[in-house]
Participant: 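Quick one: the structure is below, questions incoming.
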Amino acid sequence: MNETDVVIIGAGHNGLTCAAYLARAGLRVRVVDRRKVVGGAAVTEEFYPGFRNSVAAYTVSLLNPRIIADLKLADHGLKIVERRAQNFLPSPDGSYLLTGEGRTADSVAKLSAHDAEAIEGFSRELEAIADVLRQFVLRAPPNLVEGFSATAIREAFNALGTANILRGLSLEQSRNLLDLFTRSAGEMLDERFENDLVKALFGFDAIVGNYASPYAAGSAYVMLHHAFGEVNGKKGVWGHAIGGMGAITQAMARVAREAGADIRLDAGIREVIVEKDRAVGVVLDSGETIRAKYVAASVNPKLLYTRLMPSGALAPEFLARMNRWRNGSGTFRMNVALSALPSFTALPGEGDHLTAGIILAPSLGYMDRAWQDAREHGWSRAPVVEVLIPSTLDETLAPEGQHVASLFCQHVAPELPDGKSWDDHREEVADLMIATVDAFAPGFGKSVLGRQILSPLDLERQFGLLGGDIFHGALTLNQLFSARPMLGHADYRGPLRGLYHCGSGAHPGGGVTGAPGHNAAQAILADHRALFASR
Ligand SMILES: Cc1cc2nc3c(=O)[nH]c(=O)nc-3n(C[C@H](O)[C@H](O)[C@H](O)COP(=O)(O)OP(=O)(O)OC[C@H]3O[C@@H](n4cnc5c(N)ncnc54)[C@H](O)[C@@H]3O)c2cc1C
């Protein structure tokens, strides 16, 4: 019979995480995805004959260690390695910054004695705040509820628990936290540092997936969001999953299937079935229906509510607000097959710097201009590019002696001005991105054997990422924590009974964390137990 306990829309890493926890708890789970492979934005594909790469998400840090341990992902094939250097920022004037364990202090000192002193304090400040905020990652934020009920009591306790965690911050740290949530990264960095590359190191994290200037209020939070992570117990470090990001989701799918979950691919959802104000299943594109006690959606909330719900199922004010959900990361993603490693003018030849996230954006001013240019022109003519060459750490991705690189490029407008289409400009913008890398590493362009291009429109069409938004919705204060995806629905429960959010549009937001999937599974299990207890 086409009937189950839980149907999960989307087999991205959060859908799979949610499925694994629920199936392990004994529920019958079905996951359905419109793509032919599991993984959503965390996937490895052959993009050019003989060359494989993480096609969208490309680097690991945010994946929650408890989820790795609970799901025994390492036993299911996941191996994460550290980069040998964390970040490399070359400047057109020939100077560079190279960070990582045992490297940062010396490298910064060569650029600025002042910054060498300041960076330690700032890193400690960020780390202390990240440590406290990490405690919020695997718990639902306090949810706003009206009236007096059992739910209101539960949320009052949740708010108390939240306040208790925040008490872990000193008064000065609380002030810093307020700054980080509300101010611009640019202002905060200008106050602390003098060297452009040092500011750019942190400033880049403030604009990753964030279509904004580093001087935009709120950009400091995006910087903090990227500091939550760790690799193999080392906090704040970024690494690489052997086999690419798809290795994470392949391991998750194995765990979910072993626990009994059924994962169906090439099976898009056309509509959620709603009966008497309750979500009771889904209709596939094929017309087939699956009925379920619980429907959990890991897709962008705006996609769920504006495209997959029957008309009249939602309150008009809810729908109007969801229509205003802000999407659009301003990113353009390329994968390139390389005949040889690049050689950077600022640090020629091979070395550990080629295992790092190579940030081509030498100052905050450069990033600010990139955003302004994209606003006016549709894309920045001097774009920000992060180059990552995972084949320097992983020989499974490219033929021997050859390499693959991820180019994560910003800023581009999610939608081009004057009615222009990304389909008419993607090749031209791809050429620009290659030329930008070539300017820092002459000969790079000639080494490109093949390329895959993902404009914001391609990201939307291929992965269901509306406006190409890599986080399923901007990480702005009005779309974060208790307001993600909307005040009143921060507890992973949607506006209809039986409907849940388990994707990046729920707290704690985007990135390959597994946290929304984990937290939604806890909400579903709590409701399931309550249902049984009441019988
Ligand atoms: C270009 C890019 C670079 C990124 N880089 C990084 C990075 O380096 N590190 C990092 O941690 N994060 C990164 N991110 C962010 C991260 O990848 C995402 O936030 C995360 O993968 C989202 O996971 P999810 O499971 O919530 O949703 P998704 O991965 O988006 O999964 C949702 C799934 O729903 C499916 N779906 C959509 N519509 C339907 C439908 N109608 N019926 C059935 N299924 C449907 C989709 O096919 C998809 O598989 C990046 C994202 C992008 C796009």
Side-chain angles (χ1 to χ4, degrees), residues 7-19 30-43 54-64 205 208-209 225-226 228-229 231 238-241 244-246 248-249 252-253 263-272 282-286 290 296-304 307-309 329-335 357 386 388 390 406-410 452 454-456 458-473 475 501-506 508-518 520:
V7 64
I8 296 178
I9 307 175
H13 85 285
N14 277 313
L16 294 170
T17 300
C18 189
R30 280 217 200 155
V31 188
V32 278
D33 199 295
R34 59 197 268 277
R35 299 199 80 219
K36 290 185 169 64
V37 285
V38 298
V43 71
S54 309
V55 170
Y58 56 103
T59 181
V60 201
S61 178
L62 306 174
L63 184 60
N64 193 273
D205 276 347
V208 169
H225 190 82
H226 288 99
F228 282 168
V231 167
W238 288 80
H240 170 74
M245 298 301 274
I248 298 173
T249 45
M252 289 173 163
I263 303 171
R264 274 182 65 181
L265 300 171
D266 207 4
I269 297 295
R270 190 202 295 163
E271 198 166 83
V272 173
V282 293
V283 186
L284 303 189
D285 288 336
S286 63
I290 303 173
S298 68
V299 299
N300 182 308
K302 186 168 181 179
L303 192 157
L304 170 68
R307 300 193 189 169
L308 300 182
M309 297 303 290
S329 289
T331 60
F332 188 97
R333 181 76 171 82
M334 292 179 68
N335 293 294
E386 183 181 26
L388 196 80
S406 301
L407 307 187
F408 189 68
C409 315
Q410 300 185 183
Q452 179 188 38
L454 294 165
S455 72
D458 296 321
L459 289 171
E460 173 161 335
R461 278 196 292 234
Q462 291 193 28
F463 298 98
L465 299 168
L466 297 195
D469 197 303
I470 74 166
F471 298 132
H472 288 196
L475 300 179
H501 306 120
C502 64
S504 297
V512 180
T513 67
H518 165 277

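One-based numbering, in listed order, for ligands and for the atoms of each. Positions are given from 1 along the sequence.
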Participant: Against heavy atoms of Gly40, which atoms of ligand 1 measure under 4.0 Å?
Facilitator: 29 (O), 31 (O), 48 (C), 49 (O)

Participant: Which ligand 1 atoms are under 4.0 Å away from a heavy-atom of Gly12?
Facilitator: 25 (O), 29 (O), 31 (O), 33 (C), 49 (O)

Participant: Applying a 4.0 Å heavy-atom criterion (strictly less than), which segment of Arg34 is in contact with ligand 1: side chain, backbone, both, or neither?
Facilitator: both

Participant: Which atoms of ligand 1 are found less than 4.0 Å from any heavy atom of Ser504?
Facilitator: 19 (O), 20 (C), 22 (C), 23 (O), 24 (P), 26 (O)

Participant: Gln462 versus ligand 1: do any nitrogen or oxygen atoms come within less than 3.5 Å of each other?
Facilitator: no

Participant: What I want to know is whether Ala41 and ligand 1 share at least one N or O pair that is separated by under 3.5 angstrom.
Facilitator: yes

Participant: Taking N or O atoms only and a 3.5 Å limit, does Gly511 qualify as a polar contact for ligand 1?
Facilitator: yes

Participant: Which of these, Leu265, Thr59, Ile8, has its nearest heavy atom closest to atom 7 (C) of ligand 1?
Facilitator: Thr59

Participant: When you look for heavy atoms under 4.0 Å from ligand 1, do you find them on the side chain of Arg270, its backbone, both, or neither?
Facilitator: neither

Participant: Gly503 heavy atoms, cut-off 4.0 Å: which ligand 1 atoms fall inside?
Facilitator: 26 (O)

Participant: As an exercise, identify every atom of ligand 1 less than 4.0 angstrom from a heavy atom of Val299.
Facilitator: 34 (O), 36 (N), 37 (C), 38 (N), 39 (C), 45 (C)

Participant: To the nearest 0.5 Å, how far apart are CG in Leu454 and CG in Leu407?
Facilitator: 11.0 Å

Participant: Could you list which atoms of ligand 1 come closer than 4.0 Å to a heavy atom of Leu465?
Facilitator: 30 (O), 53 (C)

Participant: I'd like to know whether ligand 1 has Gly464 as a neighbour, heavy-atom separation below 4.0 Å.
Facilitator: no

Participant: Which atoms from ligand 1 have a heavy atom of Phe463 less than 4.0 Å away?
Facilitator: 46 (C)

Participant: Should you measure from each heavy atom of Gly510, which atoms of ligand 1 turn up under 4.0 Å away?
Facilitator: 19 (O)

Participant: Looking only at N/O atoms, are Asn14 and ligand 1 under 3.5 Å apart anywhere?
Facilitator: yes

Participant: Just by distance, no angles: are the side chains of Ser455 and Asp458 close enough, under 3.5 Å, to form a donor-acceptor pair?
Facilitator: yes

